[in-house]
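No experiment lies behind these values; they were computed from the predicted model shown. A note on names: the letters A, B, ... follow the listed sequences, proteins ahead of strands, and every chain is numbered from 1.
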Amino acid sequence: MALSTERLGLYNPAKPMENRLTDLGPRHFWQYFPPIIQNNYGKWKYHEILEPGVLVHVSETGDKVFTVRCGGCRFMSVEHIREMCDIADKYCDGYVRFTTRNNIEFMTDTKDKMEALKKDLQSRKHVSGSYKFPVGGTGAGITNIVHTQGFLHCHTPATDASSMVKAVLDDLFDYFQGMTLPAQLRISMACCLNMCGAVHCSDIALLGYHRKPPVIDHEVIDSLCEIPLVIAACPTGAISPAKTEEGKKTVKIKEDRCMFCGNCYTMCMAVPLADKEGDGVTILAGGKISNRISPPEFSKVVVPWLPNEFPRYPDVCAHVKRIVEAYAADANKYERVGDWAKRIGWERFFEKCDLPFSEHLIDDYRLQYDTYRTSTQFKYTEAAWDVSRAAGGIE
Amino acid sequence: MAFEPREEQKVLKYEELRIYSDAELHNYTDEELKNFKVKHDIPDVDELEKGPWPSFVADTKREALHRKKLAKDRMMIEADVAEDLLGQLQVSFDDGETHWKHGGIVGVFGYGGGVIGRYSDLQERFPSIAHFHTMRVNQTMSKFYNTDYLRCLCDLWEYRGSGLMNLHGSTGDIIFLGTFTEQLEPVFYELGHVLQQDLGGSGSNLRSPSCCLGKARCEYACIDTQDMCYELTNHYQDELHRPAFPYKFKFKFDGCPNGCVASIARSDMSYIGTWRDNIRIDQEAVKAYIGGEIPPNAGAHAGRDWGKFDIQKEVIGLCPTQCMWMEKGKLMIDDKECTRCMHCINVMPRALRPGKDTGCSILFGAKAPILEGAQMSVLTIPFVKCESPYDNIKAIVEKVWDWWMEEGKNRERLGELIQRYGIPKFLEVLEIPPMPQMVTEPRSNPYIFWKSEDVPGGFERDINVYRAKHKR
């Protein structure tokens, strides 16, 4: 049965429940493993990165599979996917896979095919000049940035995602195609605190953030939203019931309690937060997911806010690059960004990355005590001298 | 070995299923594409075509031109949907704010998830994206596909939707981005009846579980991530499609503690492969690493000269438990002190391999910051054997869900519920004893919630008995 072309296809709106197939689940994975993968499932012995973006995995059976990894956009058109399919048909017997970080992986069973494939991938460019399938994203480098929908599809963003990722990766492209860093460096991007991109455990995280409390649509809030749910949605208890001058039910917001999380807006469309001047980008650093050497770690806020400079975010790009370069220059082999910051001390991190330290970076939310330093062990940096001077301790 | 599907899989052949002819698929030249201008003025969006990283704008324009040159009756929504999307993006840049309306309840009959309603708030200006609903298509495990399948999806989505999608969304689904309400049911029917493919999860459901590539192409994998993920996804189809939970719930399956699918940070129930015997050592290969014959860390650091490999400094010295040493030219490991962090194995994959007695650790409660701050999963069950059909694991899942559905507040994630009640209560639910491995250190305050039954005689006391001994 071919895909149908009638306007409503196989669906009959007069009998919506007729022939309804449900709960089929995803298609089974085994049929999509190329033969080399099927034959060596569970038998892989070791792997090696032959060059940036190219891996070989060697099986106990002696078989080898060569993988060429290339960057993908996550947001892609069917035209792009069809081109990917043409490549997979030409070199990979029609198989292709995607990584968790939105990279595309083409696999072949011989080195010669891999070389031809790699050459082909690197040669393909969009008519305006960018690579279609840049090879890289392996080892001690920067792989693809995982991200969220932003202005292309989301109703709560405080910035755009695809454009920021494009700008940052253009800037860091050599790190994508190289392996010159002390360890892998994972960058993630989420356009609001809901973090459908879950950026909270990344070496560097870019996070869209609102800075103005919600503006209340008094006209409609009572008819469109459950006011008690809106009140209950606020984690700091900043929202309370109120009445308009005309006596309509609404809410009021204690502005100094708002932490701009947007949870109220998720519950109720009558309290939008988005605002051109208010919205911008927070940068976090030092998180990771792997259990290697040190346990997984949350990312920490290192830049409280930068403006949304569409479409290229020069300030965000410059800050990211500063962190990457300071890390590249100073960290030990195998040391992730967070491990490096811990070893040298966060005070030294701010100094080396040339980032100002403002009061915004000191936790004053509920769980703040965990981050207080209750020790006399510290390093002297300019920020420390500033404090001593301000306190009259030194001249 | 081969894994078997629960239901026989239809073989999908693009040649038999396709909508578009070759002529339709190749309906423009590079020259036309170079000269193509979308109907809106989009200077900032155009700027994003420059630079080496793949440009999503260049790609979207390609789709826009392709649609423009298809016959009008060969698409069920407007041809210029991609152009309107880029137009609205430019306006969003100008205004510094998104132009998608809040929510919109749409779906397919009988399901409470898998479709997310989206409407433009600039419908007069961009009528072709007035509706721009999302459909989540449950990805195959670890995202392996063949081109027959992908080409079918492409034809289906170009015909009945925008032709724009995500490979993949953050949770793991294939995301179809942008269609009108009328086409939701038709897409669902085509997926199910023709492609034997279901939607994924959204809302207060089990979300589409995801896994790393596991034993398919990784020597570190300790569990059959795809098979576990497939079995649990299919076993819990009802929970995936019909919202019955307080909030979302995610399963993720990592084959080893390297955690490539980020289960420890991103899933309410994280399955992480591990072993309980000894790391396998090939002493000859250890010598080869020491002698510089094999590049360390599988060549991951080849881009810079880090000097000669030093096993003492790079492996033994960095071992977090200091349980390794060299003895008479041999690498020794005190395995009972090892916490299986993977560092030594990552550095010397040809010399060291995880043990053979494998299973998974189960951790609970990770989530992003909304609402009470970000949480990572807490190590709760140190080792579980993972053998199909994973009945032991399903039993654990169901205990957790029963408790969470009973006690969880609206929009309370499991991790928040565990914090609200405390781990001791959670252990009661799971019917497991406590262990020091559940915490990094014991509590430093003595505010223990003793229970009546913990204390001889219980909490019931008579004030008169007390007063008989102690005058007021």
Side-chain angles (χ1 to χ4, degrees), chain A residues 2-3 8-11 16 21 23-26 28-30 32 37 42 44 46 48-49 73-75 77-80 85 88 94 97-98 100 126-128 130 139-140 151 155 157 162 169-170 173 178-180 195-198 200-201 235 269 274 276 289-293 296 310-311 333, chain B residues 3 5 17 19 33-34 44 47 49 51-56 58-59 62-63 92-93 96-98 100 102 109 138 140-141 143-144 146-147 154 158 163 170 185-186 189 192 198 215 219 226 234 237 257-259 261-262 265-266 298-301 303-304 306 341-343 349-350 368 371 374:
Chain A
L3 288 162
L8 296 181
L10 304 169
Y11 175 62
L21 284 176
D23 302 83
L24 300 173
H28 193 249
F29 54 91
W30 189 256
Y32 298 124
I37 295 295
W44 299 106
Y46 66 87
E48 196 179 327
I49 305 169
C73 264
R74 167 178 147 138
F75 176 79
S77 75
V78 295
E79 281 293 273
H80 193 64
C85 290
R97 81 169 284 265
F98 298 82
T100 306
H126 285 291
V127 288
S128 42
S130 62
F151 291 166
H155 65 298
S162 303
L169 277 170
D170 275 344
F173 192 69
M179 301 192 294
T180 56
M195 279 194 199
C196 41
H200 54 288
C201 293
M269 60 86 76
K276 186 176 189 172
I289 280 150
S290 154
N291 287 275
R292 184 175 184 176
I293 305 178
F310 306 114
K333 191 178 178 186
Chain B
F3 290 95
L17 303 177
I19 293 175
L33 186 55
K34 262 181 216 161
D44 293 319
E47 168 61 32
E49 291 200 65
W53 186 254
S55 169
F56 70 97
D59 183 28
R62 183 156 67 149
E63 179 61 18
S92 302
F93 286 159
E97 290 158 17
T98 190
W100 298 108
H102 188 288
F109 277 107
N138 202 149
T140 60
M141 310 298 89
K143 307 181 176 86
F144 280 84
N146 68 13
T147 55
C154 288
E158 190 160 51
S170 296
E185 288 287 0
Y189 266 74
D198 209 337
K215 294 184 185 180
E219 65 270 29
Q226 287 99 5
N234 283 279
Q237 281 291 296
N258 280 330
V261 80
R266 303 194 54 187
H301 293 78
R304 198 202 286 195
W306 290 93
C341 86
M342 296 298 294
H343 175 64
R350 288 172 76 163
L371 196 56

- Message: At a 4.5 Å cut-off on heavy atoms, which part of A:F173 comes close to chain B: side chain, backbone, both, or neither?
- Response: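 It is the side chain, since no backbone atom gets that close.
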- Item | Which atoms of A:H80 approach chain B - backbone, side chain, both or neither, heavy atom under 4.5 Å |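 Both the backbone and the side chain of A:H80 come within 4.5 Å of chain B.
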Among [options], residue most engaged with chain A (heavy-atom pairs, under 4.5 Å):
{"options": "B:A298, B:A374, B:A58", "result": "B:A298"}
{"options": "B:S55, B:A265, B:G259", "result": "B:S55"}
{"options": "B:H301, B:H343, B:H102", "result": "B:H102"}
{"options": "B:K143, B:K34, B:R266, B:M342", "result": "B:K143"}
{"options": "B:P349, B:G303, B:G299", "result": "B:G303"}
{"options": "B:W53, B:F93, B:W306", "result": "B:W53"}

Any idea which of [options] has the most non-hydrogen atom pairs under 4.5 angstrom with chain B?
{"options": "A:G139, A:C85, A:S128", "value": "A:C85"}
{"options": "A:E79, A:M195, A:K276", "value": "A:E79"}
{"options": "A:G42, A:G94, A:G178", "value": "A:G94"}
{"options": "A:M269, A:R292, A:M179", "value": "A:R292"}
{"options": "A:S290, A:A140, A:P157, A:S77", "value": "A:S77"}

Less than 4.5 Å apart, side chain to side chain, heavy atoms only: is that true for [X] and [Y]?
{"X": "A:L8", "Y": "B:P186", "result": "yes"}
{"X": "B:F3", "Y": "A:H28", "result": "yes"}
{"X": "A:I37", "Y": "A:W44", "result": "yes"}
{"X": "A:P296", "Y": "A:N291", "result": "yes"}

- Task: List for me each residue that meets salt bridge (Lys or Arg N to Asp or Glu O under 4.0 Å) alongside B:D44, sequence neighbours excluded, and say none if there are none.
- Result: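 Salt bridge (Lys or Arg N to Asp or Glu O under 4.0 Å) list for B:D44, sorted by chain: empty.
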- For B:D59, enumerate each residue passing the salt bridge (Lys or Arg N to Asp or Glu O under 4.0 Å) test, keeping only those at least two apart in sequence or located in another chain.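 Partners of B:D59 under the salt bridge (Lys or Arg N to Asp or Glu O under 4.0 Å) test: B:R62.
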Calculate, to the nearest 0.5 Å, the distance between atoms [atom1] and [atom2] belonging to [X] and [Y] respectively.
{"X": "A:F29", "Y": "B:M141", "atom1": "CZ", "atom2": "CE", "value": "8.5 Å"}
{"X": "A:L24", "Y": "B:N234", "atom1": "CG", "atom2": "CG", "value": "9.0 Å"}
{"X": "B:C341", "Y": "A:I293", "atom1": "SG", "atom2": "CD1", "value": "6.0 Å"}

